[in-house]
Amino acid sequence: LRTPRVRSIFQSAMQDTSPLATGRLEAIWIKPVRRQAMRSAQSAVLVANRGIVGNANQNGRRQVTIISRERWAAVARMLGQPLDPALRRANLLVSGIDLENTRGQLLRVGTVLIEIWGETRPCRTMDEQHQGLQEALRPQWGGGVFGVILEGGTIHVDDAVQLLPAPPTAPFQNWKRSRTTGQSSS
């Protein structure tokens, strides 16, 4: 978070927030170069307002992508065979968390806090990975979610994951405005 005032407002709004769901970080993948193979990792460093160290996607709204183990298993059943979740080309695989319709909510992974910006819609690259995968991922946010890193840190496979409610509107909108325009609304 960029300014101390916005950080203070945001942190005070998030105190005593109970998680909507809890789960676990199952896998981490880093994409060193676009359209190249993903590299599996046991840990990763996530930098606030930037992305995953060593990952091709930096800055912007798509700093990290996340899929659900349960949703991936349902897709594999639909296609009639087991599929390696790395085929999805997401950065994080979580279990115990339903990511459908979570836009605006927060995901705490270990010490890292991620704001979910929206659904990761499957592209034609999915059919290059496995025929029919793109269509199978369309329902119920099967392609997962993408987001920005609000609080950075190092994450590890097996870290706890918590889905948190969206923060109160006013501080959150002020923070978004300062991040997108470079100006803070006092």
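Numbers here are sequence positions counted from 1.
When the options Val47, Ile149, Leu150 are evaluated for a side chain to side chain contact (heavy atoms under 4.5 Å, CB included) with Val112, the one that passes is Ile149. Among Asn55, Leu107, Leu92, the one residue that satisfies the side chain to side chain contact (heavy atoms under 4.5 Å, CB included) test with Val64 is Leu92.
Between Arg50 and Asn59, some side-chain heavy-atom pair lies under the 4.5 Å cut-off. No side-chain heavy atom of Glu70 sits under 4.5 Å from any side-chain heavy atom of Ile97. With contacts defined as side-chain heavy-atom distances shorter than 4.5 Å, the pair Arg103/Trp141 qualifies. Considering only heavy atoms from C-beta on, Leu20 comes within 4.5 Å of Gln105 through its side chain.
Contact between Ser95 and Arg69 at its shortest, heavy atoms only, is CB-CB, 4.1 Å. Across every non-hydrogen atom of Ser43 and His156, the tightest pair is CB-ND1, 3.3 Å. Scanning both residues, Val148 and Gln63, for their nearest heavy atoms gives CA-OE1, 3.5 Å. Residues Phe146 and Arg62 come closest through the heavy atom pair CB-CG, 3.8 Å. Residues Arg89 and Val33 come closest through the heavy atom pair NH2-O, 4.5 Å. Scanning all heavy atoms of the two residues, the minimum distance from Ala37 to Pro32 falls at O-CD, 3.8 Å.
Ile155 contributes atom CD1, which lies 4.5 Å from atom CG of Leu46 (distance to the nearest 0.5 angstrom). Note that CG of Leu163 and CD1 of Ile114 are 11.0 Å apart. Values are rounded to the nearest 0.5 Å. For the atom pair Gln58 CD and Asn49 CG, the distance stands at 11.5 Å (nearest 0.5 Å).
In terms of modelled atom types and a separation under 3.5 Å, the side chain of Arg108 and the main chain of Thr111 share a donor-acceptor contact. Proximity of a side-chain donor or acceptor of Trp29 to a complementary backbone N or O of Leu93 within less than 3.5 Å is not detected. Remark: side-chain polar atoms of Thr65 are paired, donor with acceptor, to backbone N or O of Asn91 under 3.5 angstrom.
No chain of hydrophobic side-chain contacts below 4.5 Å, direct or via other Ile, Leu, Val, Met, Phe, Trp or Tyr residues, connects Val45 to Ile28. No path of Ile, Leu, Val, Met, Phe, Trp and Tyr side chains, each step under 4.5 Å between heavy atoms, connects Trp72 with Met78, placing them in separate hydrophobic clusters.
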